[in-house]
Number of protein chains: 2
Amino acid sequence: MRRGHGVDWSASGTGMMGEGADLNGPAIRLAIGELAGEFGLTHRTIRHYEDEGLLTPERAGTARVYGHRDRARLALICRGKRLGFSLAEIKDFLNLYDTDDAQIEQMRYMRSLARGRILALEQQLRDVQQTLSELRTIDTQISEHLRRNGITETHGMEEKHS
Amino acid sequence: MRRGHGVDWSASGTGMMGEGADLNGPAIRLAIGELAGEFGLTHRTIRHYEDEGLLTPERAGTARVYGHRDRARLALICRGKRLGFSLAEIKDFLNLYDTDDAQIEQMRYMRSLARGRILALEQQLRDVQQTLSELRTIDTQISEHLRRNGITETHGMEEKHS
DNA sequence: TCGTTCCCTGACGTTTACGTAAAGGTAAGG
DNA sequence: CCTTACCTTTACGTAAACGTCAGGGAACGA
C-alpha cells in the first residue's frame, strides 16, 4: 500500500494549511483516484466534471486535492445523473446547495430554479411510481404464467430482493 | 381543414384493411405529424425511433400509418425518456409489455429484465424523493431568508463566481 | 396549373459525456 | 538508478439522439 489515506505525494503547495480538522469536521483531502474509486467513476470523468465547472478541487502543486465540499458535490452529481439530468442542469442544481451569501434577486432566481426543478421531479416521481406499478404487474403476470404453464422446469427461484 | 382525423392523403396500400373498429376499440390511424403533435416530438424523432426498432408503423404506400400499439408504445417511450433511460433500454423495456406468446425461457428472461428494472426504479424513486425533500427545504429556506431580510439589502459583498 | 401542405429518403452536422491514447512529471521503494 | 504507481495535460475518437438540409413525390384547393 502506497498511501494510508489522503493526499501527500506532491508539493505541499503554499504551506498555508497544516492539517487536522476545520469547523466542518476532520479535513478530508482526497486524491482523484480515491474519489474515483469511492464513487465508481474514472479519473477522466471527474476531470471532465471539473472542466464543466462542477468541481473545483484545490491543487497540491499540479495534483488535484478534493475536500468535503467536492465529495458532497460529487455525490449530488451522481444522483443527478441517476435521475437523468444533464451536467449543465446539475450545475445550476448544485448552485442551489450553496446559496449562502447570494443577493436578494439572486435568491429569487435560485428559488425559481428550485421550484422549476421541484415540478419536474414531481412529474418524475409520478412516472417512476407508475412504471414501477406496471413492472410489478408484469412480473406477477409472468410468474403466474410460468406457474400455470411451466411447472415442469420451475427451479424454485421465486423470491428476490430483501 | 385538410383532414378530419386520421390518415388518408396517400395510396390506400394493399387494401387489406377497410376501416372501423377491431377488438381493441376504434381503429386509430395516425399520420406522423399527428403523432408528433400529440407528443410534442418532431417527425425526425419519431422516424428515429422507428430506425431503432422502437416503432413499426404500417405503410399506406410510402407514408407511415400509426395505430393503437404505436401510440401506446410512444407514450411509454416518452415516459422512459423522462426517466432518463436510453433508447436501447427502452427497447427491451417495451418488449416486457407485449410478451404474449413468449417461450418459457424467454419469459424467465423477461421477468429477470423486469426485476432488474424494478430494482433500478426503486433506487430512482428514493433518489427523487430525497432530492425533492432537499429542494423543498431549499425553497423554504430561501423564502424565509427573503422574508427576514425583507426589502433591505444584505450587503454581504461575498464574491461568488457566476 | 400552380401553390400549399403534407409526406418521403438519404446523409452530413451537432451536442453531450465521456473514452482513449500520447507524452510526461514526481516520489517512494528495491 | 530504475521501476512502479500515482498524477498531469492535450487532443482526437466515439456512441447516442437527434437536428438540419437537400431533393423529391402526392394530394388538395383556388
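Labels below follow one simple rule: chain letters A, B, ... track the order of the sequence lines, proteins then strands, and each chain is numbered from 1. Excluded from the calculations below are hydrogen atoms, water molecules and symmetry mates; all remaining heavy atoms, backbone and side chain alike, are included.
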For nucleotides 19-23 of chain C, print each protein N/O atom paired with a nucleotide N/O atom at under 3.5 Å, atom names and distance only.
unit_1 : atom_1 : unit_2  : atom_2 : d
C:dG19 : OP2    : A:Thr42 : OG1    : 2.7
C:dG19 : OP2    : A:Thr45 : OG1    : 3.2
C:dG19 : N7     : A:Arg44 : NE     : 3.2
C:dG19 : O6     : A:Arg44 : NH2    : 3.2
C:dT20 : O4     : A:Arg44 : NE     : 3.0

Examine D:dA17: is either OP1 or OP2 under 4.0 Å from a nitrogen or oxygen in the side chain of B:Tyr49? Give yes or no. no

Please state whether the phosphate of D:dT9, meaning OP1 or OP2, lies under 4.0 angstrom from any side-chain nitrogen or oxygen of A:Arg64.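 A:Arg64 to D:dT9 OP1/OP2: side-chain N or O found under 4.0 Å.
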
By salt bridge (charged side-chain N to carboxylate O under 4.0 Å, His left out), B:Arg69 pairs with (sequence neighbours left out) B:Asp98

Test of understanding: with salt bridge (charged side-chain N to carboxylate O under 4.0 Å, His left out), list the residues that count as partners of A:Arg44, not counting sequence neighbours.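 Expected list: none.
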
Show me the side-chain donor-acceptor pairs of residues 76-88 of chain B shorter than 3.5 Å, one per line, residues at least two apart or across chains.
unit_1  : atom_1 : unit_2   : atom_2 : d
B:Arg79 : NE     : A:Thr131 : OG1    : 2.9
B:Arg79 : NH1    : A:Glu134 : OE2    : 3.4
B:Arg79 : NH2    : A:Thr131 : OG1    : 3.2
B:Arg79 : NH2    : A:Glu134 : OE1    : 2.9
B:Arg82 : NE     : A:Asp127 : OD2    : 2.6
B:Arg82 : NH2    : A:Asp127 : OD1    : 2.9
B:Arg82 : NH2    : A:Asp127 : OD2    : 3.3
B:Ser86 : OG     : B:Ala88  : N      : 3.4
B:Ser86 : OG     : B:Glu89  : N      : 3.1
B:Ser86 : OG     : B:Glu89  : OE1    : 3.4

When you measure from every atom of DNA chain C, which of residues 72-94 of chain B have a heavy atom less than 4.0 Å away?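 Of all residues in residues 72-94 of chain B, none places a heavy atom under 4.0 Å from DNA chain C.
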
I'd like to check the side-chain hydrogen bond (donor to acceptor under 3.5 Å, both in side chains) partners of [X]; sequence neighbours left out, ordered by chain and number.
| X | value |
| --- | --- |
| A:Arg111 | B:Ser143 |
| B:Arg136 | A:Glu122 |
| B:Ser133 | none |
| B:Arg126 | B:Gln123 |

Terminal axis angle for the helix from C:dT1-D:dA30 to C:dG30-D:dC1, five pairs an end, nearest 10 degrees: 10°

Contacts of A:Tyr49 that satisfy ring-ring contact (aromatic ring centres under 6.0 Å, His included) - sequence neighbours left out: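 So A:Tyr49 forms no ring-ring contact (aromatic ring centres under 6.0 Å, His included) with any residue.
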
Can you sort out the partners of A:Glu144 under side-chain contact (heavy atoms from CB on, under 4.5 Å), two or more places apart, ordered by chain and number? A:Thr140, A:Arg147, A:Arg148

